[in-house]
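Written out below as structure tokens is the structure these notes cover.
The figures that follow rest on heavy atoms only: side chains count, while hydrogens, waters and symmetry mates do not. In what follows, chains carry the letters A, B, and so on, assigned in the order in which the sequence lines appear, proteins first and then strands, with residues in each chain numbered from 1.
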Amino acid sequence: MQRSLKRSFLRIFASGMSISYQYNFNEIESKWQKHWKDSQLYKVIENPSKPKFYALDMFPYPSGAGLHVGHPLGYIASDIVSRFKRLNGFNVLHPMGYDAFGLPAEQYAIQTGQHPAVTTEQNILRFREQLDKMGFCFDWDRQVKTCDMGYYKWTQWIFTLFFKHWYNKNSQKAEKIADLILYFEGNGNLDINAHSGKATIFTAHEWSQFNTIQKEEILNHYRLAFIDETTVNWCEVMGTVLANEEVVNGVSERGGYPVVRKKMKQWSLRITAYADKLLDGLDTIQWSDSIKEIQKNWIGRSEGAEIDFNIEGHSSKIKVFTTRPDTLFGATFMVIAPESELVNSICSESQKSEVLAYAEKAKNRSEIERMVDTKKSGIFTGAYAINPFTKKPIPVWVSDYVLAGYGTGAIMAVPAHDERDFEFAKAFQLDIIPVIKPENAELALPLNEAFSAKDGVCFNSEFLDGLQVKSAIKKAIEEVEKLNIGTKKVNYKLREAGFGRQRYWGEPFPIVFNDSVPQLVNELPVELPKVESYKPTGTGESPLAAVENWVNTPMGKRETDTMPGWAGSSWYFLRYMDPNNNETFASKESLEYWNQVDLYVGGSEHATGHLLYSRFWTKFLNDLGYISWDEPFKRLVNQGMIMGEDGQKMSKRWGNVVNPDDVCEKYGADTLRLYEMFLGPLTDSKPWNTNGIEGVSRFLGKFWRLFFQNETFTVSNDEPSADEFKILHKTIKKVTEDIESMSFNTSVSAFMVCVNELGTLKCNKKAILEPLLMLLAPFAPHITEELWEALGINESIHKAEWPKFNNEYLIENSFNYPISINGKTRTQLEFPIDADIKEIEASVLSNEIVLKWTNGQAPKKVIVVKNRIVNVVI
RNA sequence: GCUCGGGUGGCGGAAUAGGUAGACGCGCAGGACUUAAAAUCCUGUUGGCAGUAAUGCCAGUACGGGUUCGAUUCCCGUCCCGAGCACCA
């Protein structure tokens, strides 16, 4: 009695108001959200005395549907890391904004006539309201919206940089077009090693004779932003060009109208200049293997040779790309793409009408037809090429299995060693001559499939006979180069990035045309004008084309296409560093301080779009010296999808959408945050489970009640016991490690274990609960702040210092060994931590359960792994 | 077809420099408190067999092999699921 009276109890009343035994999360959360906002707790300013950490979420497109519980998953994870880093002494940049240009807002405008700016703003307000309820530590002063003029001014500015630069393969850098022109004036272009289009060779004198239009045509081949003839998805019924995602299975997503491929002139960015850098850079960043793999495949680098084939009776040649020059002796025919210019020029008179008819039909084949019908089709041109090694004439065919856009649009066909060529040869009874066989075996002839393996030996191949494929490739290229008919060559699947959209709701180009010569507009921004109608013009031009007083300027006619959705998102991570700067896209100092994004969280669906383009723009800006690094995102984590309770994708269509507002209302934001983390590993897809949230909700209730006795807030100043310290430090260790490895589900579990154990011990000691509050603060910022205040601490818990882990509390003096017989655990025995192995062995062998198994026999072997396990082999 | 992931209780998932499989939570069953309910707390919960019970034995991490004293973890083969690419020469 005397002792218990002597125990000192602290009874603390937060700011004169007693803290309720009931955990009123709604009250607590709105109280602190307001408080944090008023006190600008999350305001971030550059502070060179502190190390920085940049945690970024992929900014959302503000759709009309609002957020469902799947959207904030990644935001919660990055929020936890941000808060954790801040508590560990980092100055953390954790911003949010909106990817606000795009199709859905425009579609909505077409239907309702409401200006996209208006509906976008409404949607943003709704998003903001939802985000605010979840207690994120975003610095909203740094918000960016890609559709703001103050933002897209700089998107346009970056475009002007692309326009004003070319890629020099010698320096491996983008350089000024102005300098290139100076060079042309003095030297022509013979010695320029550029990543460019097909520019013809000219001398300095010839250059001086070209007129402005001719000069621009040439420069267009060099510019990194250039006008290109590209294939677009044209929907005749809708009278508009469609984006790839608007075309599903060859028909328009809306209405299901047929879509054809149509050539059109539009802006492109010369991303292929950066193909190698984009590939090599992957080795320097911490991204998931799958995303790296997707980008690798997308870039699709392959090494081989380009070889010219003479055509009998023609002066022109057929240039082909092949990765297997070692099989040249087996090339028995050639195939050119239907789009190839050679189709018309080489085919014999007798074949002409048939060939042209085939080519025409193949060119217009829709995607859907191509997908359904993979049988080989083709037609003989009547022309023969000469195999440069065998000197034999081989027929030239046209077929749509050869793609115009890859390599040279023509191939040498080696049916014996390529499956597609084999199929074609079978269909049209063409010669199949094997030239590679397995190392220690003969090929079974006649072949019933192509032998395409790359580990084999050449035969039937004169000077290549007996060589392994790898060395034969080398030798064949040497020979081709000696004969002056070809050269070593690297090819990429990566296409130039189409940069024009025939749409209204996007960034206007800072371009006017004067006699078809594009010129930069110097005054930025070029403002997006208001229009009467958002409907497609039917001509394939954007609705801007109808705004005559905007299109026609004293300088010339404006470009009426707008930039694609990915323009604004390719550099937004830089703007957050200095979002309100009117002088430059971001100041040198802020760029240098915040530097690369340390952690980027977002969906994997952007693997070949946004994530590739951002890397491209970063490398380009690095070339120009605007930024000092050449990869934007050091570490990338792709959160998984949260599916509906029925296991299907969460969507209005299935009626399985869970709204985070409702969850916050019913359980509180802290519970929502904790539950989303507890569901499973961040990167996995997993279904939502309404029952599951109860468990997390109960946990927070238990946690809250640790601070109460007899329904009164009561925390003791007593010194904790060894057990209590052990529980705390075990949790510090686990949670710290788990946050670093982004294993949030297991840290929530560690909290539950900790609270269960402290509950059993009825521990209410300040020395334990105070550090525990800090551990939980990144996950559940409101409840911890409330209890922190109740402990009488004035400064916010989110400005505190992360608890230090002390291993001494975890040191045990004994270990409970699992004792197994033949690998199966049969009992357990406790031994001192430093017990002698011999003693353990002797003691184990005399144990009665072990004796039962050994049955008096001496064991074959006894394995003792110190402080791990004992295994007795009998 | 090719490439990359992944298959663990009724469910979400823990545990891999090889060392007690199923942490934590849900669900379910039983119990305490209550006139009752809610809330809260306690106990049990991989399957099979045996036993009144404590408990014991057998099987078990998609399937079949292998390496090892010991395999969810490493190796080989098969099946299934998911994602990406898809005539790229």
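Here A/Phe428 and A/Phe380 keep their ring centres 6.0 angstrom or further from each other. Between A/Phe699 and A/Phe678, the ring center distance fails the sub-6.0 Å criterion.
With sequence neighbours left out, the side-chain contact (heavy atoms from CB on, under 4.5 Å) criterion links A/Lys861 to A/Ile863, A/Val873. Residues meeting the salt bridge (Lys or Arg N to Asp or Glu O under 4.0 Å) test with A/Glu737, sequence neighbours left out: A/Lys733. Under the rule for a side-chain contact (heavy atoms from CB on, under 4.5 Å), the partners of A/Glu645 that lie at least two apart in sequence or sit in another chain are A/Trp688, A/Asn689, A/Thr690.
Checking side-chain atoms of A/Ser747 against main-chain N and O of A/Val735 turns up no donor-acceptor pair under 3.5 Å. The backbone N or O of A/Pro778 sits less than 3.5 Å from a side-chain atom of A/Arg673, completing a donor-acceptor pair. Looking at A/Asn656, its side chain does come within 3.5 Å of a backbone N or O of A/Ser651 through a donor-acceptor pair.
Sequence neighbours left out, not one pair with a member in residues 684-696 of chain A passes salt bridge (Lys or Arg N to Asp or Glu O under 4.0 Å). Counting only residues at least two apart or on different chains, the salt bridge (Lys or Arg N to Asp or Glu O under 4.0 Å) pairs with a member in residues 739-757 of chain A are A/Lys730-A/Glu757.
If you check residues 289-303 of chain A against RNA chain B, the residues with a heavy atom closer than 4.0 Å are A/Ser290, A/Glu293, A/Ile294, A/Ser302, listed by number. At a non-hydrogen distance threshold of 4.0 Å, A/Lys861, A/Ile863, A/Val865, A/Arg868, A/Ile869, A/Asn871, A/Val873 from residues 861-874 of chain A come into contact with RNA chain B. A heavy atom closer than 4.0 Å to some atom of RNA chain B occurs in A/Gly695, A/Arg698, A/Lys702, these being the qualifying members of residues 695-703 of chain A.
Closest to the A/Pro818 side chain, of the nucleotides B/A15, B/U20, B/G12, is B/U20. Here the nucleotide nearest the side chain of A/Phe678, chosen from B/C26, B/G12, B/C87, is B/G12. Looking at the side chain of A/Arg705, the nearest of the listed nucleotides B/U20, B/C87, B/C41 is B/C41. Of all nucleotides listed (B/G13, B/A59, B/G12), B/G13 comes nearest to the side chain of A/Asn745. Side-chain atoms of A/Val753 lie closest to B/C24 of the nucleotides B/G12, B/U20, B/C24.
Taking atom P in both B/C80 and B/G25, one finds a spacing of 38 Å when rounded to whole Å. Straight-line distance between the P atoms of B/U61 and B/G65: roughly 12 Å, to the nearest whole Å. Distance check on atom P: B/G64 versus B/U73 gives 13 Å, rounded to whole Å. Of the C1' atoms belonging to B/G5 and B/A89, the separation is 29 Å, rounded to the nearest Å. With C1' as the reference atom, B/C2 and B/A59 are 39 Å apart, rounded to whole Å. Spacing between B/G44 and B/G56 at atom P, rounded to whole Å, works out to 15 Å. For the P atoms, the distance from B/C69 to B/G13 is 36 Å, rounded to whole Å. Comparing the same atom, C1', in B/U78 and in B/G27 gives a spacing of 35 Å after rounding to whole Å.
Nearest-nucleotide positions on RNA chain B place A/Asn689 closer to the 5' end than the other of A/Ile411 and A/Asn689. When each of A/Lys686 and A/Met412 is assigned the nucleotide of RNA chain B bearing its nearest heavy atom, the one mapping closer to the 5' terminus is A/Lys686.
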Could you list the protein-to-nucleotides 53-56 of chain B atom pairs, N/O on both sides, closer than 3.5 Å?
none

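Distance A/Glu757 CD to B/C41 C1': 17 Å, rounded to the nearest Å. The separation between A/Asn822 atom CG and B/A71 atom P is 11 Å, rounded to whole Å. To the nearest angstrom, P of B/A23 lies 24 Å from CZ of A/Phe744. If you measure from atom CD of A/Glu737 to atom P of B/U16, you get 11 Å, rounded to the nearest angstrom.
Note on A/Thr608: nothing from the nucleic acid sits closer than 4.0 angstrom, heavy atoms only. Here A/Asn756 lies in heavy-atom contact (under 4.0 Å) with sugar-phosphate atoms only. Within the nucleic acid shown, A/Glu419 has no heavy atom closer than 4.0 Å to any nucleic acid atom.
More than 12 non-hydrogen atoms from other residues, nucleotides or ligands lie less than 6.0 angstrom from NZ of A/Lys292. Annotation: A/Gln828, atom CD; neighbour count of heavy atoms from other residues, nucleotides and ligands within 6.0 Å is above 12.
Note that A/Lys376 lies in the cation-pi zone of A/Tyr401, set by a 6.0 Å cut-off to the ring centre and a 45° limit from the axis.
Classified by its glycosidic torsion, B/G13 falls in the anti category, the angle being over 90° from 0.
Side-chain atoms of A/Lys860 and base atoms of B/C69 include no donor and acceptor less than 3.5 Å apart.
Remark: RNA chain B takes part in the stems B:1-7 with B:79-85, B:10-12 with B:24-26, B:27-32 with B:40-45, B:46-50 with B:55-59, B:62-66 with B:74-78, each of 3 or more antiparallel Watson-Crick or G-U pairs, criterion distances under 3.5 Å.
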- Query: Stepwise, does the side-chain hydrogen bond (donor to acceptor under 3.5 Å, both in side chains) test hold for A/Lys493 with A/Asn297?
  - Reply: CA-CA 8 Å; A/Lys493 279 203 256 180; A/Asn297 290 340; over 6 Å; no

Just distance, no hydrogens or angles: give the donor-acceptor pairs under 3.5 Å from side chains in residues 302-309 of chain A, sequence neighbours left out.
unit_1: A/Ser302; atom_1: OG; unit_2: A/Tyr406; atom_2: OH; d: 3.0
unit_1: A/Glu303; atom_1: OE2; unit_2: A/Arg301; atom_2: NH2; d: 2.9
unit_1: A/Asp308; atom_1: OD1; unit_2: A/Lys319; atom_2: NZ; d: 3.3

Show me the side-chain donor-acceptor pairs of residues 607-615 of chain A shorter than 3.5 Å, one per line, residues at least two apart or across chains.
unit_1: A/His610; atom_1: ND1; unit_2: A/Ser569; atom_2: O; d: 3.3
unit_1: A/His610; atom_1: ND1; unit_2: A/Ser614; atom_2: OG; d: 3.2
unit_1: A/His610; atom_1: NE2; unit_2: A/Tyr600; atom_2: OH; d: 2.7
unit_1: A/Ser614; atom_1: OG; unit_2: A/His610; atom_2: O; d: 2.8
unit_1: A/Arg615; atom_1: NE; unit_2: A/Glu631; atom_2: OE1; d: 2.9
unit_1: A/Arg615; atom_1: NE; unit_2: A/Glu631; atom_2: OE2; d: 3.4
unit_1: A/Arg615; atom_1: NH1; unit_2: A/Leu278; atom_2: O; d: 3.0
unit_1: A/Arg615; atom_1: NH1; unit_2: A/Gln295; atom_2: OE1; d: 2.7
unit_1: A/Arg615; atom_1: NH2; unit_2: A/Leu278; atom_2: O; d: 2.6
unit_1: A/Arg615; atom_1: NH2; unit_2: A/Glu631; atom_2: OE2; d: 2.8

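In this pair, A/Phe779 and A/Phe744 present their aromatic rings perpendicular. The plane angle is above 60°, beyond the 30 to 60° band. Ring geometry for A/Tyr21 against A/Phe708 counts as perpendicular: the plane angle is over 60°, on a 0 to 90° scale with 30° as the lower cut.
Between B/U20 and A/Tyr817, no contact under 4.0 Å exists linking OP1 or OP2 to a side-chain N or O.
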